[in-house]
Protein chains: 2
Amino acid sequence: MERLPKRQRHQQLSKLLEENPFLTDRELTRLLKVSIQTIRLDRLELAIPELRERLKLMAERSYDSVRSLPLHEVIGDILDLQLDKSGISLFEISEEHVFSRSGIARGHHVFAQANSLAVAVINDEIALTASADIRFIRPARLGEKCIAKAFVRSSGGQKGKAKVEVFTYVGDEMVFQGNFIIYRSAGE
Amino acid sequence: MERLPKRQRHQQLSKLLEENPFLTDRELTRLLKVSIQTIRLDRLELAIPELRERLKLMAERSYDSVRSLPLHEVIGDILDLQLDKSGISLFEISEEHVFSRSGIARGHHVFAQANSLAVAVINDEIALTASADIRFIRPARLGEKCIAKAFVRSSGGQKGKAKVEVFTYVGDEMVFQGNFIIYRSAGE
DNA sequence: CTCGTATTGGCACCAGGTATTAGAATGAGA
DNA sequence: TCTCATTCTAATACCTGGTGCCAATACGAG
């Protein structure tokens with residue numbers, strides 16, 4: 001008995017739907033040259049939900065991630081914040097942050113965490129980075145959890161500039177250090 | 001004639017669906033206390049597509065954005081690259097890069113472009129940012145196209161460190177300037 | 001030839017709609 | 001008061017993309 005065709009078809013079907021989850025069963029019949037019932041039995045065996053469920057799942061995922069993705073807003077999760085004094089944030093290095101061959105985080109992600117925190121700790125909503133002097137002390141690697149600690153050194157509420165020092169650690173090793181000068185809307 | 005209820009309902013309906021696009025017409029009848037036909041007429045007037053279309057649109061959006069987001073690899077498009085000499089990249093400031101209320105780009109995005117370019121121009125694959133001294137000269141705004149130009153000042157092929165200077169312009173105005181020290185795998 | 005698996009077909013049913021036509025409620029103006 | 005327009009509700013037919021179930025067929029192995 002030629003068992004292969006079925007398994008091959010299952011593989012093909014999985015692959016097709018992975019590439020294009022928008023395919024209906026009817027379209028799949030054309031691509032796999034079997035009846036629509038066969039497609040449905042196959043989906044059943046492979047536990048692949050129907051088109052509408054697939055779309056719903058994707059929509060839910062994107063909806064959730066839009067909500068949890070002010071990734072662009074603040075890089076890292078703020079753990080503690082004392083305005084005009086100090087702040088702590090956590091940022092975990094994942095696949096998309098590293099050079100694929102070395103597993104070392106690209107510098108700008110580590111910088112982004114520190115910069116976000118430096119701006120957040122001032123929290124004047126019109127706080128902008130004016131300049132920074134930074135040092136990458138040792139590379140941060142895939143999977144490592146970076147804890148950034150920011151300290152406002154000279155708030156200079158009137159002067160329109162604040163100096164913020166940020167230290168980033170993995171465990172008790174320092175990986176990054178930076179001095180930021182932040183412009184702020186005077187007052188506050 | 002009490003015209004308000006209708007417009008109010010339209011507003012409410014828009015708002016409800018904005019908050020939760022997963023609502024069916026039937027669920028909306030419960031929330032708005034009108035018949036399902038009214039809901040459908042309302043959607044028609046407001047040009048709001050049916051549930052399935054909404055889910056499909058969301059799924060498509062998320063599907064596309066996953067595809068077009070190696071944003072994390074190199075920030076900005078490389079326009080020109082002369083290894084160990086110079087490089088140019090283009091980065092357009094869009095919604096997700098700016099503070100929503102001021103339309104000013106967050107510093108780390110501008111930094112990321114410069115940092116990516118500084119590393120790319122060395123292109124030793126084991127090139128890492130060691131330190132940087134940076135200045136944000138004027139804010140970059142939504143829609144602006146940032147052109148970053150990098151110059152390798154001291155390649156020091158043997159020393160394991162290279163100095164790279166980056167200038168970022170919008171038109172002929174400089175918005176950012178940075179001096180990067182890049183570690184490189186000795187030799188080349 | 002018979003058994004078992006794989007495949008196909010047909011039918012009823014469902015959710016969540018569209019499209020259309022008809023009727024009821026309401027109020028405003030002549 | 002009658003009439004008319006707007007708004008709302010109701011009813012029906014139809015569509016897509018399925019599920020669930022049962023029966024019929026194909027086909028190869030023992």
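Letters go in sequence order (proteins before strands), and every chain restarts at 1. Here the structure is a predicted model, which means the values were calculated and not measured.
Nearest-nucleotide positions on DNA chain D place V34(B) closer to the 5' end than the other of P49(A) and V34(B).
L13(B) places its CG atom 12 Å from the P atom of dC8(D), with the value rounded to the nearest Å. The distance from atom CD1 of I48(B) to atom P of dG16(C) is 18 Å, rounded to the nearest whole Å. Rounded to whole Å, the distance from CZ on R43(A) to C1' on dT7(C) is 16 Å. D25(B) places its CG atom 13 Å from the P atom of dA19(C), with the value rounded to the nearest Å. Rounded to whole angstrom, the span from the CG atom of L32(B) across to the C1' atom of dT7(D) amounts to 16 Å. At whole-Å resolution of the value, CG in L28(A) and P in dG17(D) are 12 Å apart. Protein atom CG of L44(A) is 8 Å distant from nucleotide atom P of dT19(D), rounded to whole Å. Between the C1' atom of dA24(D) and the CD atom of Q37(A) lies a distance of 12 Å, rounded to the nearest Å.
Residue R40(A) forms a side-chain contact (heavy atoms from CB on, under 4.5 Å) with just one option from D25(A), T29(A), I48(A), L28(A), and that option is D25(A).
For T24(A), taking side-chain heavy atoms from C-beta onward, the closest of the listed nucleotides dT9(D), dG18(D), dG16(C) is dG18(D). The side chain of R40(A) lies closest to dT19(D) when the candidates are dG17(C), dT19(D), dA19(C).
Remark: the R52(A) side chain and the dT16(D) base include a donor-acceptor N/O pair separated by less than 3.5 Å.
E50(B) comes within 4.0 angstrom of sugar-phosphate atoms only, judged by non-hydrogen atoms across all strands, and of no base. Nucleic acid contact class of L41(B) (heavy atoms, under 4.0 Å, all strands): base.
In this model, the phosphate group of dT8(C) is approached by a side-chain N or O of T38(A) to a distance below 4.0 Å at OP1 or OP2. Dashed line: the shortest gap from a side-chain N or O of R26(B) to OP1 or OP2 of dG17(C) is not under 4.0 Å.
Criterion: ILVMFWY side-chain heavy atoms under 4.5 Å apart, direct or through other members. Under it, V110(B) and F151(B) are not part of a common hydrophobic cluster.
A 6.0 Å sphere centred on CZ of F136(B) holds more than 12 heavy atoms belonging to other residues, nucleotides or ligands. The number of heavy atoms from other shown groups lying within 6.0 Å of CZ (R26(B)) does not exceed 12.
Residues C146(A) and V170(A) come closest through the heavy atom pair SG-CG2, 4.0 Å.
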